[in-house]
Amino acid sequence: MLEKMEILDVEKLVGDFEVMTKDAENVQRQTLKMILEENGCAEYLQNMGLNGRTDPESFKACVPLVTHKDLESYIQRVADGAFSPILTRKPITTISLSSGTTQGKPKFVPFNDELMETTLQIYRTSFAFRNSSFTVASRARPKGVCAGTATTNVFRNSQFKKAMTAMQSECCSPDEVIFGPDFHQSLYCHLLCGLIFHEEIQLISSSFAHSIVLAFRTFEKVWEELCDDIREGPNPELADLIENKCSRLSHWYGLIPELFPNVKYIYGIMTGSMEPYLKKLRHYAADVPLISADYGSSEGWIGANINPSLPPESTTYAVLPNIGYFEFIPLKENVEEHMQENGNVSFLSTEPKPVGLTEVKVGEEYEVIITSFAGLYRYRLGDVVKVMGFHNSTPELKFVCRRNLMLTINIDKNTEKDLQLAVEEAAKLIAEEKLEVIDFSSNVDVSTDPGHYVIFWEISGEVSDEVLKECCNCLDRSFVDAGYVSSRKVNAIGPLELRVVWKGTFHKILDHYLGLGAVVSQFKTPRCVGPTNNKVLQILCDNVVKNYFSTAF
């Protein structure tokens, strides 16, 4: 039986977005009202004393800011199968698992039909803006969804498949490959399917840039085996073509357009902790544009990339005001002055009050708070964003870092972004020898007195001790936080330590998380390994080849 395929009305999508973002404040009030009217009978909200009120002022006065830890007991009851209205009026029958790479273990997060609909709205909106710059032609292809594993609750949903068809974004791998239980076998089969349909591939995507880089690093190792399988397929002409293409590439530069000549762009989350993979991805992509995907988390979506022609490093996300209720905590501290009885003055730092979506200021940084349709109310996401501007009356945000991922020993405060910048600066020294940092992480070692930073590097080849010593010094000098520099100068923080690990060490970390039930498309390398990540720290420490201490101070 043939069915009529729905094709998205791109002009209508863009028009609806423009109308909504011109009245963002009112849309936010209506969105909060919808959430509270729908779920006001839930146990969690009943305990807050709202008594049917749905206005933002009452909501903020009655409902406290929370973290995942505050909600664990409620979510666990949902996960255990309770059907009473605990967080939402309608029972939540699906639980998502976060990647677990931030805190060392996955978190349970509620997932429902309403959250699925916001997911599709984000996808449709960003597609509408991408379509104006990068049109993907409609072609007959094998049944399937995106190449690469992804968040299972979304990709298994029938509405997702319909949406991908409407966006003309069906992909080449069948479900048996996408949802295969063995990641390594699935990845091999994804590559095989892609090569078989190499002339029809028009975009390459995965949830995170890391997954795409991992796929093509794997291709470098298994391309000859892939050609053998294709030849025995049998398709000897295609096997010969791929062999010829691979044999004439220099250091695999331009691999993607060489294999897939009709590819229009590469798509995935490329901001935040994914930025370190951009250099390698650009190496594979050559002139193929990289487009960063939309901004969200396991807990919910926030914004769409409506400026797809910008490079990933400059990507901003326009907040959709109808997919949740958003608040933002300013990261500038409020300092209150108090007079003591003896006349001395002390200062007490207090956290500023959250502001609304349309009250944020350009150039300022904030922590994101989300109230979702899936039972999270005034939930601290832990993300730090910077307001880069406004699209109509909704802000355009740039992701900065995770607030709780920080290297600190005493008065020093270095974020994930600070670490990334330090690594990029020091990596220039080995780039002169045509080598690269494959991946990296860090740890604060307080077993020494004084404590010191430890940076773990996996490098693509052999580097001399002299160069690595200078890399270590460069890392130390590149942390420019005033508290760190002053502490280093007086030896309140010890010399930075660079530990070089065996090749394949970070793949062992990936395998560790896969063993815990994570999926590759959700995986993010832990950039700061704390006490909750003892197993990861053990893997890193057990695979150290060389270590160096800074002499920069």
Working to the nearest 0.5 Å, report the span between SG of C471 and CG of L496. 11.5 Å

Mind checking the CG-CG spacing from L514 to D511? Nearest 0.5 Å is all I need. 6.0 Å

A cation-pi test, strictly: NZ or CZ of R130 under 6.0 Å from the centre of the six-membered ring of Y267 and no more than 45 degrees from its axis. Yes or no? yes

Name all residues meeting the ring pair (Phe, Tyr, Trp, His ring centres under 6.0 Å) criterion together with H198; count only those two or more places apart in sequence or in a different chain, and write none if there are none. none

Answer yes or no: is there a donor N or O on one side and an acceptor on the other, between the side chain of E458 and the main chain of V437, under 3.5 Å? no

Does R124 pair with E117 as a salt bridge, N-O distance under 4.0 Å? yes

Contacts of Y284 that satisfy ring pair (Phe, Tyr, Trp, His ring centres under 6.0 Å) - sequence neighbours left out: F216

Check whether the side chains of S126 and N305 place a donor and an acceptor atom closer than 3.5 Å, and report yes or no. no

Neighbour count >12 (heavy atoms, 6.0 Å) for atom CE, M20: yes

Given 3.5 Å as the limit, does a donor-acceptor pair link the side chain of T408 with the main chain of D412, or not? yes

Quick one, Y366 and P354 - any side-chain contact, counting heavy atoms below 4.5 Å? no

Shortest non-hydrogen contact from F373 to G324? CE1-N, 4.3 Å

Check side chain to side chain donor-acceptor pair (under 3.5 Å) between D383 and all other residues, then give those that pass, not counting sequence neighbours. Y295, R402

Charged N-O contact under 4.0 Å between E327 and R378: yes

Any chance the side chains of H283 and E436 put a donor and an acceptor closer than 3.5 Å? no

Is K386 atom NZ crowded by more than 12 heavy atoms from other residues, nucleotides or ligands, each under 6.0 Å away? no

Are E200 and N262 linked by a side-chain donor-acceptor pair shorter than 3.5 Å? no

Are Y453 and Y484 near enough that their ring centres are under 6.0 Å apart? yes

Given the side-chain rings of F17 and F129, with only the six-membered ring counted for Trp, is the space between their centroids under 6.0 Å? yes

Decide if atom NZ of K245 counts as having more than 12 heavy atoms of other residues, nucleotides or ligands within a radius under 6.0 Å. yes

Mind checking whether S441 and L540 have side chains closer than 4.5 Å, heavy atoms only? yes

With rounding to the nearest 0.5 angstrom, report the CG to CG distance, L510 to D439. 10.0 Å

So do E258 and L249 actually touch side chain to side chain, heavy atoms under 4.5 Å? yes

Mind running side-chain hydrogen bond (donor to acceptor under 3.5 Å, both in side chains) on Q121 and N322 for me, showing each step along the way? CA-CA 10 Å; Q121 185 182 348; N322 70 334; 3.0 Å; yes

So, applying side chain to side chain contact (heavy atoms under 4.5 Å, CB included) with L381, which one of I369, L376, T67, I302 is it? I302

Is there a donor-acceptor pair closer than 3.5 Å between any side-chain N or O of T394 and the backbone N or O of V319? yes

I'd like to know if the side chain of S460 reaches the main chain of L435, judged simply by a donor and an acceptor atom lying under 3.5 Å from each other, with no hydrogens or angles considered. no

Could you check whether any side-chain N or O of S478 sits under 3.5 Å from a backbone N or O of E425, counting only pairs where one atom can act as donor and the other as acceptor? no

For D16, side chain to side chain contact (heavy atoms under 4.5 Å, CB included) partners two or more places apart: K12

Considering non-hydrogen atoms only, spot the tightest contact between A286 and G254 and give its length. CB-CA, 3.7 Å

Can you confirm whether T316 sits close enough to I306 that some side-chain heavy atom of one is under 4.5 Å from a side-chain heavy atom of the other? no

Counting neighbours of CD on E470 that are heavy atoms of other residues, nucleotides or ligands and sit closer than 6.0 Å, is the number greater than 12? yes

Does the side-chain hydrogen bond (donor to acceptor under 3.5 Å, both in side chains) test come out yes or no for Q420 and E424, once each step is laid out? CA-CA 6 Å; Q420 177 188 321; E424 287 176 356; 3.1 Å; yes

Side-chain (T505) to main-chain (V501) donor-acceptor, under 3.5 angstrom: no

Are the ring centres of W301 and Y123 closer than 6.0 Å? yes

Look at the rings of Y513 and F523 and say which category their plane angle falls in: under 30° parallel, 30 to 60° tilted, over 60° perpendicular. tilted

N/O donor-acceptor pair under 3.5 Å between S314 side chain and L310 backbone: no

Does D418 use its side chain to pair, donor to acceptor, with the backbone of T415 at less than 3.5 Å? yes

Given K280, R282, K417, the one that forms salt bridge (charged side-chain N to carboxylate O under 4.0 Å, His left out) with E275: K417

Beyond-backbone contact of S207 with I269, side-chain heavy atoms, under 4.5 angstrom: no

Backbone N/O of P321 and side chain of Q28: donor-acceptor pair under 3.5 Å: yes

For a 4.5 angstrom cut-off between non-hydrogen side-chain atoms, does N307 reach T315? no

Between the side chains of E299 and Y379, is a donor N or O closer than 3.5 angstrom to an acceptor N or O? yes

Holding to ring pair (Phe, Tyr, Trp, His ring centres under 6.0 Å), I want the full list of residues that pass it with F456, two or more places apart in sequence or in another chain. none

Rounded to the nearest 0.5 Å, what's the gap from CD1 on I256 to CG on L281? Could you check? 5.5 Å

Considering all heavy atoms of both residues, which atom of V529 and which atom of N443 are nearest to each other, and what is their separation? O-ND2, 2.8 Å

Can you check whether V387 reaches E396 side chain to side chain, under 4.5 Å on heavy atoms? no

Without swapping roles, check the side chain of R527 against the backbone of F440 for a donor-acceptor pair under 3.5 Å. yes

With distance as the sole criterion, is a donor-acceptor pair present between the side chains of Y317 and S292 under 3.5 Å? yes

Run the side chain to side chain donor-acceptor pair (under 3.5 Å) test against E365 and tell me which residues pass, sequence neighbours left out. none

Do Y277 and S211 get their side chains close enough for a donor-acceptor pair, meaning under 3.5 Å? no

Please tell me if the side chains of I509 and H507 come closer than 4.5 Å, counting only heavy atoms from C-beta onward. no

Which value, rounded to the nearest 0.5 Å, describes the distance between C246 atom SG and L255 atom CG? 6.5 Å

